[in-house]
Novice: 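Here you go, one structure.
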Amino acid sequence: PQDRDVFLYEKFPDDFMWGTATSAYQVEGAWNEDGKGPSIWDTKVHDPGAKIADGSTGDVACDSYHHIADDVNMLKELGVQHYRFSISWPRVLPDGTPRSLNPLGVRYYNDLIDALLEANIQPMVTLYHWDLPQALQDKYGGWMDERIIDDFDNYARVCYEQFGDRVLLWITINEPIATTQVYNAQAPGVADYIVAHNIIRAHVKAYHTYDKYFRHLYHGQVGITLDIGWKEPLTLRNQDVYAADRAVMFKLGWFGNPIYGSGDYPEVMKRYIATKSLRQGFAKSRLPVFTDDELRMNKGAYDFLGVNHYTSNVISEKSSRDSDVSYQADQDIEYRLDPYWAHTDVGWLNVNPWGLRYVLDWAKEHWGNPPVYITESGRSNDDVTGLNDVGRIYYYRNYTNELLKAIKLDGCNVRGYTAWSLMDNFEWGSGYTKHFGLYQVDFSDPNRTRTPKMSAGFYKQLVKENGFATNSSLMTYELSS
Ligand code: PNW
């Protein structure tokens, strides 16, 4: 599109949904309270060899387990229509299976959901945001084993039963690619594909369970959330253009094509991995094969597509050596960041607003314009910036304007946008050193006091206006206004 640099002064559709997101391990705390079982993240952070940047844990985090009212108050202040949070599998099912159902865990989510509905905010619930019950990891190696498919489906069914009368938007799994990376070291270039194969089949099974047993009761929607940055070719030479498309296929297409496309992995993935596997002396391709039944079940197993979008990369062709057996090497590409895109304090995250529009256009072209929710999007700000986070205002203003172009100019079927994150939280390996929140959290204060940043005022204004007025540059970002 030629209109990359034009700012669109228009409104979003009337029923467009604005929200913010968090995930259980990153905000809840209460890691061993009220009967909760340990997750693989509890185990990881308590290991003396854990490589968390500041040596911290999510033991208390934002203490959201004890601060439902504070969390809901922030959402009310922002005026958002939905809140995306995740359910901690081991809080609800401490040993991972329904026979361990923990009523106090269920009560926490009931209380949160009821408080949201009372405030007229729709819950959007992620079932799996990386905190696998340790019990299932110990029992059979977690996502490496097919038994996870039935266990995930049983867990999903428990959640549909307990919360489905009030939760209408369900996300099965957040960013499956991140989970493949957890198991990668066990067998690079092999484990990744096995884990992905199990994740896709687990999603598909849990989708059909909803479809069969719950849809007629509650009329909700089920999707999966995929993480995709835009991949821009380094040059317009054919090999770089193909390389960039291959990068999208390996990342978004890996999980997306089976569910939103043909039912199977992208052809280019099948071809590349098979060719390399044979040259490397494997008896068959390292990429598993779906059965005919699975292909049929995969295709169309969605009500919407969840997209997490943060940043863009520049891609060029680069042949890898056959001795390098890995998911990265399978793609024959090289990644870099365009130096012209504004940097942030997070190394992988540069600011490139139009990447969001290109991702949405890609999904529309390849998968017949499925309904999309942006389920995460945002950036960190450094300690010096603190509450005065003008860089986040720039980010949200321009990313959402590109989203508006995708809807208005390109016809993309996008239903909502969800800012990551409602508040600063435990940023995985970076601990509390990165700050993605619209609200700052004082982690040295036992009350975990939340304070709005300047961007919270901006986001509130954006939600209220549902878009951009001509004089939006004159907006004042006061929460009180
Ligand atoms: C997401 N990347 O992860 C997660 O869903 C959140 O839990 C996390 O806090 C948030 O982004 C911020 O990091 C990502 O390298 C991790 O492109 C890495 C990437 C993207 C998303």
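Small disclaimer: the values here were computed from a predicted structure and weren't measured. Counting starts at 1 for both ligands and their atoms, following the listed order.
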Novice: Test of understanding: with side chain to side chain contact (heavy atoms under 4.5 Å, CB included), list the residues that count as partners of P266, not counting sequence neighbours.
Specialist: M249, N257, V268, M269
Novice: With under 30° as parallel and over 60° as perpendicular, where do the rings of W420 and H129 fit, or are they tilted in between?
Specialist: parallel
Novice: Between W41 and W31 (judged by ring centroids, cut-off 6.0 Å), do the two rings come close enough to count as a pair?
Specialist: no
Novice: Can you give me a line-by-line list of nitrogen or oxygen pairs between ligand 1 and the protein shorter than 3.5 Å?
Specialist:
| from | atom 1 | to | atom 2 | distance (Å) |
| --- | --- | --- | --- | --- |
| ligand 1 | 3 (O) | E175 | OE1 | 3.2 |
| ligand 1 | 3 (O) | E175 | OE2 | 3.4 |
| ligand 1 | 5 (O) | H129 | NE2 | 3.3 |
| ligand 1 | 5 (O) | N174 | ND2 | 2.9 |
| ligand 1 | 5 (O) | E175 | OE2 | 3.3 |
| ligand 1 | 5 (O) | E376 | OE1 | 3.0 |
| ligand 1 | 5 (O) | E376 | OE2 | 2.9 |
| ligand 1 | 7 (O) | Q26 | OE1 | 2.8 |
| ligand 1 | 7 (O) | H129 | NE2 | 2.9 |
| ligand 1 | 7 (O) | W428 | NE1 | 2.9 |
| ligand 1 | 9 (O) | Q26 | NE2 | 2.9 |
| ligand 1 | 9 (O) | W420 | NE1 | 3.3 |
| ligand 1 | 9 (O) | E427 | OE1 | 2.6 |
| ligand 1 | 11 (O) | Y310 | OH | 3.0 |
| ligand 1 | 11 (O) | E376 | OE1 | 3.4 |
| ligand 1 | 13 (O) | E427 | OE2 | 2.6 |

Novice: To the closest 0.5 Å, what do you measure between CZ (R107) and CG (D34)?
Specialist: 6.5 Å
Novice: Decide whether S380 and D345 meet the rule of one side-chain donor and one side-chain acceptor closer than 3.5 Å.
Specialist: yes
Novice: For the pair Y25 and F426, name the ring-plane relationship: parallel under 30°, tilted 30 to 60°, perpendicular over 60°.
Specialist: perpendicular
